[in-house]
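Comments concern the structure below.
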Amino acid sequence: MIDTQSGSKSDFAVETRGLGKSFGGFDAVRDVNLKVRRGSVHALIGPNGAGKTTCFNLLTKTLIPTTGRILLHGKDISSLRTSDVAQLGLVRSFQISATFLHLTCLENVRVALQAKNGGGYRFWRSLRAISGLNARAMELLERVGLADVADVRATELSYGKKRALEIATTLALDPSVMLLDEPTAGMGHEDIEPVTELIREAAVGRTVLIVEHNLSVVSSLCERITVLNHGEVLNEGSYAEVSSNADVVSAYMGGGEDD
Amino acid sequence: MTRIPAILLIVVLVILAPFFVYPVLLMTILVFVLFASSFNLLLGYAGLLCFGHAMFFGTSAYITGQFLKVTGSTLEFGLLAGVLVAAAMGLAVGVIAVRRSGIQFAMITFAIAQFVYFFLLQAEFTGGEDGMQQIPRSALFGVIDVSDHRAFYFVVLGATVLALALIYRIIHSPYGEILRAIRDNEERVESLGFRPERFKLVAMTLSAGIAGLAGGLKATVFQFATLTDVSWTVSGEVIFMTLLGGLGTLAGPAVGAGIVIFMNDELAQFGEWSLIAQGIILLLVILFFRRGVVGEIIAVLHKRRAGRSEGLTKGD
Ligand SMILES: Nc1ncnc2c1ncn2[C@@H]1O[C@H](COP(=O)(O)OP(=O)(O)OP(=O)(O)O)[C@@H](O)[C@H]1O
Ligand SMILES: [Mg+2]
């Protein structure tokens, strides 16, 4: 419906200018100028409470920015609503796993496919009307290793598999920009490796902005890293640059949450 | 496998019932089966707790009654008028309330329902405290005479079955899939590019319309409409029926409505005691049978099936 790849005026898939959000006088995000290069995997890191999730909420318009502008492929999306931003190709995952627990894996993915195909209001049609989407849904489940549990409800999946299902659901929209909020949080060792690989594969041909605490995941996936602290950009660069920066080291050591 | 005989048994029972049980009692049960099912469509499948559902039911009862009295038209047009007004009301209430969720949504719908109650109390055509009397039960399509209770039972039965089939279709439609997704995680649905409030608005309209059909049928069964039909006690009763039977299951509200109406009828001679009995039952359901009658039965069946397949793998 909407060509998500167009608007190639800008080299940056996502750009913010002076982005800020305050909650009753408290600046959770302040004057953030983020530039995410098209086709790159970009990390947003920082201590707890640094404002990373708030940034995501601003980018997807879940929260209304107090200041600043947001550009998606050079187009100003500051005044759009969440669903429109998604339709334009910017899709997020959530810090807390967000699957539809009482729907099967297949249905979970199919919901997203319905969004992409502009469906949704046909309450008088039987599910056969969307059975054409099943093949594509199975393909996506296959890709994340969930094909054998297609008919199982999401609530019965392990945590790692729920995250994989979320990625499949997000991929169903074929977004040009994916925002992933701590995709490996709360996972055991055995799950982190496959999910990292999954993200690497999914990132091909897209732009990915990822919030992640696991630094080995960050270093293996991301070309560029922006460090937030107290709502402001502290540093930006490659993993080597950022990890050797004294301010960054002290922010992590000192802990961002004690004031 | 066991499904087909079970359905056949129900069909036979439902057809023979009016020859053994007083048809008006049966029709009352059907009306509330329909009403509770419409409520369940909202709470069970869209996650919206409407605490004023009687406003759609009762208003439609008055509208259907008034339409039949004034125009002298055939039955189906009276019912249609009630359904349309109720659906429009559902849409209007939805526009106001649908952006809120949880307890706020419940409180707003409750407030609007109270407003509707006082409006209907004051309005002249409703007959105020006395209610609306002598609603004609005119012939269906102008040809089928339904003045006999038993004949009318089959009309009410047909309407109920059709409306339940519609609810089944709504739940198992492309739209229903997204509605259930919204119930599970509204924020996620929005982040995928949908506008959840619009889906809820459609659900409100459909649910109110079906509640309206129940109200219109009620008015033509009893041939009167009263303020009780729009009162908060009826709003509360429909919640009770749905929870008792089992939320979010298709059969749950139907079973719940059947039990409550039957019980009310049996306990009517004991006056207040029937209310106390309802209270105790509600308490027991909340404490021990969260899933309701149908929900618990389904859970037991699931467990047994899971146990059997586990036994099989162990045997291997
Ligand atoms: N809706 C809100 N109302 C008030 N304060 C908020 C709100 N959302 C976030 N905050 C505050 O803004 C700050 C940034 O929160 P945010 O969730 O963005 O941090 P984060 O970087 O994602 O942290 P974490 O690593 O723990 O997920 C925190 O101090 C938080 O308490
Ligand atoms: Mg966060």
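Hydrogens, waters and symmetry mates are skipped; everything else that's a heavy atom, side chains included, is used. Letters A, B, ... are given to chains in the order of the sequence lines, protein chains preceding strands, and every chain is numbered from 1.
At a threshold of 4.0 Å, the pair A:R69-A:E15 does not count as salt-bridged, since none of the basic side-chain nitrogens sits closer than that to a carboxylate oxygen. Of the charged side-chain nitrogens involved, at least one lies within less than 4.0 Å of a carboxylate oxygen, so that A:R136 and A:E139 count as a salt-bridged pair.
Among A:R128, A:Q114, A:R92, the residue with the largest count of heavy-atom pairs under 4.5 Å with chain B is A:Q114. By number of non-hydrogen pairs under 4.5 angstrom with chain A, the leading residue of B:R180, B:E177, B:E187, B:H172 is B:E177. Interface summary for chain B: among A:L90, A:N108, A:T99, A:L127, the most heavy-atom pairs under 4.5 angstrom belong to A:L127.
Only the side chain of B:L206 comes within contact range of chain A, with at least one heavy atom under 4.5 Å from a heavy atom of that chain. Residue B:R198 touches chain A through both its backbone and its side chain, counting heavy-atom pairs closer than 4.5 Å. Proximity to chain B (any heavy atom under 4.5 Å) is restricted, for A:F94, to the side chain, taken from C-beta onward. Looking at A:R81, the atoms closer than 4.5 Å to chain B (heavy atoms on both sides) all sit in the side chain, from C-beta outward. Interface remark: A:T170 contributes backbone and side-chain atoms alike to the contact with chain B (heavy atom separation under 4.5 Å).
Checking side-chain atoms of B:N185 against main-chain N and O of A:A98 turns up no donor-acceptor pair under 3.5 Å. Looking at B:R188, its side chain does come within 3.5 Å of a backbone N or O of A:E166 through a donor-acceptor pair.
Under a cutoff of 6.0 Å and an axis angle of 45°, B:R195 and B:F199 do not form a cation-pi pair.
Relative ring orientation between B:F32 and B:F57 is described as tilted, the plane-to-plane angle lying within the 30° to 60° band.
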